[in-house]
Number of protein chains: 2
Amino acid sequence: MAVGPQLQHPGAEGMGDAFHPECVWRDVIDLSSRWTGPILHVLRERPLRFFELQTALEGISDKMLSQTLRTLVRDGLVTRTVEPTTPPRVTYELTTLGHSLADSLAPFIAWVRRHATDVLAARRRHDEPQSG
Amino acid sequence: MAVGPQLQHPGAEGMGDAFHPECVWRDVIDLSSRWTGPILHVLRERPLRFFELQTALEGISDKMLSQTLRTLVRDGLVTRTVEPTTPPRVTYELTTLGHSLADSLAPFIAWVRRHATDVLAARRRHDEPQSG
DNA sequence: CAGCATCCAAAAGGATACTG
DNA sequence: CAGTATCCTTTTGGATGCTG
């Protein structure tokens, strides 16, 4: 997704850097990763420990959870806090930046909740044989 | 991303169907596809022809453009109109549903515009060697 | 509990060539 | 112009086994 200036009408010269490959949103926040969105979303409510995230995100593997969390930490969206107990207790929490991102995703999530059935219905309609 | 009811606090029994695999947003609207978001976004301004989309979306291949558009049409988010001229003139346009989706994505896009530098800076800070 | 390493299967997606 | 078909590389991400 473009992160450049607002799109001029396509075809015009004014496209500017709106859609340069480097500006595609994927390079900034990788929503294309299966779990980035869900993790940001569950962390909105409160900080969570590793195993709590794993529970909340039914089906995520260790690998993907820690991998996605590492990216989020690296990008300044989530903090990782270790209490050096035995066993260790590691807590993940949204930063201010992460919160603002998660908030910006809320309308989209609400849209999916509200319109999932519409999309599914359209898909069914499209796929069913055009019999007379 | 969950499309179920609002998340209860994770770990509680009330998780309901919030994160069932079937409810992950990817199954409803595939934002994880590299081009779904960008296409929806450029179509917000006005209907576009195939080659106009290709121009606006610098770098997209024929294959990915037609493939992504087909999915969008199938899901009732975009209409495809063919004028049977020679050569044919095919126009893509957001449906009402598609517009509401694109609108719901706007805050996220605005966030990326505003905070891309923050993320990039955090990433640089994280990656640079922890020298003294 | 909180992970990392390795291996492997599946999906995404670009390049190229061809069609009505 | 507006695609489709095929090939092939890259990326994603699950499974399994091991560690402090």
Side-chain angles (χ1 to χ4, degrees), chain A residues 1 10-11 19-22 24-39 42-43 47-75 78-93, chain B residues 1 10-11 19-22 24-39 42-43 47-75 78-93:
Chain A
M1 182 72 72
F19 282 95
H20 277 195
E22 270 76 13
V24 170
W25 78 22
R26 194 186 243 200
D27 297 325
V28 176
I29 161 67
D30 193 6
L31 264 200
S32 67
S33 164
R34 181 132 179 36
W35 298 107
T36 299
I39 289 177
V42 295
L43 285 177
L48 292 172
R49 297 178 57 186
F50 191 88
F51 83 93
E52 290 176 316
L53 279 163
Q54 203 155 23
T55 303
L57 269 20
E58 289 186 50
I60 191 172
S61 62
D62 286 5
K63 181 191 159 183
M64 291 317 298
L65 181 53
S66 73
Q67 182 175 306
T68 310
L69 284 170
R70 241 180 291 140
T71 302
L72 259 15
V73 170
R74 176 174 179 252
D75 288 352
V78 165
T79 58
R80 178 177 184 275
T81 308
V82 186
E83 295 170 64
T85 55
T86 332
R89 184 192 188 85
V90 183
T91 306
Y92 294 88
E93 180 168 12
Chain B
M1 183 72 74
F19 283 94
H20 276 195
E22 268 76 14
V24 170
W25 80 22
R26 192 185 246 200
D27 297 323
V28 176
I29 161 65
D30 193 5
L31 262 201
S32 68
S33 164
R34 180 128 180 40
W35 298 106
T36 299
I39 290 177
V42 296
L43 286 177
L48 293 171
R49 297 177 57 186
F50 191 87
F51 82 94
E52 291 177 315
L53 279 163
Q54 204 155 21
T55 303
L57 269 18
E58 290 186 48
I60 192 172
S61 62
D62 287 3
K63 181 191 159 184
M64 289 319 296
L65 181 53
S66 74
Q67 182 176 306
T68 309
L69 284 169
R70 242 180 290 138
T71 302
L72 259 16
V73 170
R74 176 174 179 251
D75 287 352
V78 165
T79 59
R80 178 177 184 275
T81 309
V82 187
E83 295 168 65
T85 55
T86 332
R89 183 193 189 84
V90 183
T91 304
Y92 294 89
E93 180 168 11

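We find the NZ-OG1 distance between A:Lys63 and A:Thr68 to be 10.0 Å, quoted to the nearest 0.5 Å. Distance check, rounded to the nearest 0.5 Å: CD of A:Gln67 to OG1 of A:Thr36 gives 9.5 Å. With rounding to the nearest 0.5 angstrom, the OG atom of A:Ser33 is 5.0 Å from the CE atom of A:Met64. Atom OG1 of A:Thr91 is separated from atom CD of A:Glu52 by 7.5 Å, given to the nearest 0.5 angstrom.
Atom C1' of nucleotide D:dA15 and atom CD of A:Gln54 are separated by 13 Å, given to the nearest angstrom. Atom CD of B:Glu52 and atom C1' of D:dC1 are 12 Å apart (whole Å). Protein atom CG of B:Leu53 is 9 Å distant from nucleotide atom P of D:dA2, rounded to whole Å. One interatomic measurement links the two molecules: CD of A:Gln67 to P of D:dA15, which rounds to 15 Å at whole-angstrom precision. Rounded to whole Å, the distance from OH on A:Tyr92 to C1' on C:dC1 is 11 Å. Summarising the geometry, the separation between CG on B:Leu65 and C1' on D:dC1 is reported as 13 Å, rounded to the nearest angstrom. Atoms CD (A:Glu58) and P (D:dG14) sit 14 Å apart, rounded to a whole Å. Separating the CG atom of A:Leu48 from the C1' atom of C:dC1 is a distance of 15 Å, rounded to the nearest angstrom.
Contact between the side-chain N/O atoms of B:Ser66 and the OP1/OP2 oxygens of D:dT4 is found at a separation under 4.0 Å. For B:Ser33, a side-chain nitrogen or oxygen approaches OP1 or OP2 of C:dG13 to under 4.0 Å. Checking the phosphate oxygens (OP1, OP2) of D:dC1, no side-chain nitrogen or oxygen of B:Arg49 falls inside 4.0 Å. In this model, the phosphate group of C:dA2 is not approached by any side-chain N or O of A:Arg89 to a distance below 4.0 Å at OP1 or OP2. Using a 4.0 Å cut-off, no side-chain N or O of A:Arg70 falls inside it from OP1 or OP2 of C:dG3. Side-chain nitrogen and oxygen atoms of B:Arg80 include none within less than 4.0 Å of the OP1 or OP2 phosphate oxygen of D:dA2.
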Checklist entry - What string of B, S and - do you get for nucleotides 14-20 of chain C, 5' to 3', if B is base contact, S is sugar-phosphate-only contact and - is no contact with any protein heavy atom under 4.0 Å? => result BB----B

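If you run side-chain contact (heavy atoms from CB on, under 4.5 Å) between A:Trp35 and each of A:Leu72, A:Thr71, A:Ile60, A:Leu69, only A:Ile60 comes through.
With sequence neighbours left out, the salt bridge (charged side-chain N to carboxylate O under 4.0 Å, His left out) criterion links B:Arg80 to no other residue.
When all heavy atoms are compared, the tightest approach of B:Gln54 to B:Ser61 is NE2-C, 3.8 Å.
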